[in-house]
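Have a look at the structure below before the remarks.
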Amino acid sequence: LPPSSVTSRSSPARTASASVCTEVAVASDTQAAIKAAMKEAMKAKDSNRVTTLRSIMAAFTNELVAQKKTPQDQLPDSDAEAVIKRLAKQRKDAIQQFTDGGRPDRAENEQAELAVIEEFLPEMMTQDQIKPIVDEVIAEMGADKSNMGRIIGAVMQKTAGKADGADVKAVVTEQLS
């Protein structure tokens, strides 16, 4: 083949791989932050923190495999945030169950893990910040208690994951009563 045809064939591939690399670099901010925090925790010999950060990384790998990707791929920040929220919710549930079951020692361990996990969660909206959105949705829908599920769904959609579902439910219940 003449050199010009080889160049033209490999250029698009090179360009495509360059854009993929850029996309991966942009998509891995959360993962990179967790890896950096894990490295610092290892240097500080903080075993509880290292264990929790490793469990987050394992959850990322599990999510990648569930999405039919390789474990070496980078998880986009939106997916990473969803995984971290799920881990935080699991810890909160475990804390509640251990407390109810009379196991305060296990609840303390879960609380320590939750504190590490919450460092990587975005700032959640407070109930005071949610109230105006709830009022707006209620005014739009002209809703009452029978439509509470639809109101909560509409508010969750408007807050785009920045509000905790339990807080939204509490505000909606308060506003409708």
**Message:** So L64 and P71, do their side chains get closer than 4.5 Å, heavy atoms only?
**Reply:** no

**Asked** When rounded to the nearest 0.5 angstrom, what is the spacing between CE in M124 and CD1 in I130?
**Response** 8.0 Å

**Prompt:** Are side-chain heavy atoms of V83 and D79 found at a separation under 4.5 Å?
**Reply:** no

**Message:** I want to check something: taking the side chain as every heavy atom from C-beta on, are F98 and N109 in contact at a cut-off of under 4.5 Å?
**Reply:** no

**Donor-acceptor contact below 3.5 Å, side chain Q129 vs main chain T126** = yes

**Message:** Can you confirm whether M125 sits close enough to D167 that some side-chain heavy atom of one is under 4.5 Å from a side-chain heavy atom of the other?
**Reply:** no

**Flag, side chain of D93 to backbone of Q90, donor-acceptor distance under 3.5 Å** = no

**Message:** With a 6.0 Å cut-off (strictly less than), is the heavy-atom count around NZ of K89, excluding the residue itself, greater than 12?
**Reply:** no

**Request:** Would you sort out whether D73 and T70 count as a side-chain hydrogen bond (donor to acceptor under 3.5 Å, both in side chains), showing the intermediate values?
**Result:** CA-CA 6 Å; D73 289 343; T70 66; 3.1 Å; yes

**Prompt:** Can a salt bridge be assigned to the pair K85 and E81 using a cut-off of 4.0 Å between side-chain N and carboxylate O?
**Reply:** yes

**Asked** Does I138 share a hydrophobic cluster with M156, counting links as ILVMFWY side-chain heavy atoms below 4.5 Å and allowing steps through other members?
**Response** yes

**Message:** Salt bridge or not between K131 and E174? Use side-chain N to carboxylate O under 4.0 Å.
**Reply:** yes

**Prompt:** Considering residues, nucleotides and ligands other than E140, do more than 12 of their heavy atoms fall under 6.0 Å from its CD?
**Reply:** yes

**Request:** Would you mind telling me which of Q96, Q97, R103 makes a side chain to side chain donor-acceptor pair (under 3.5 Å) with D100?
**Result:** Q96

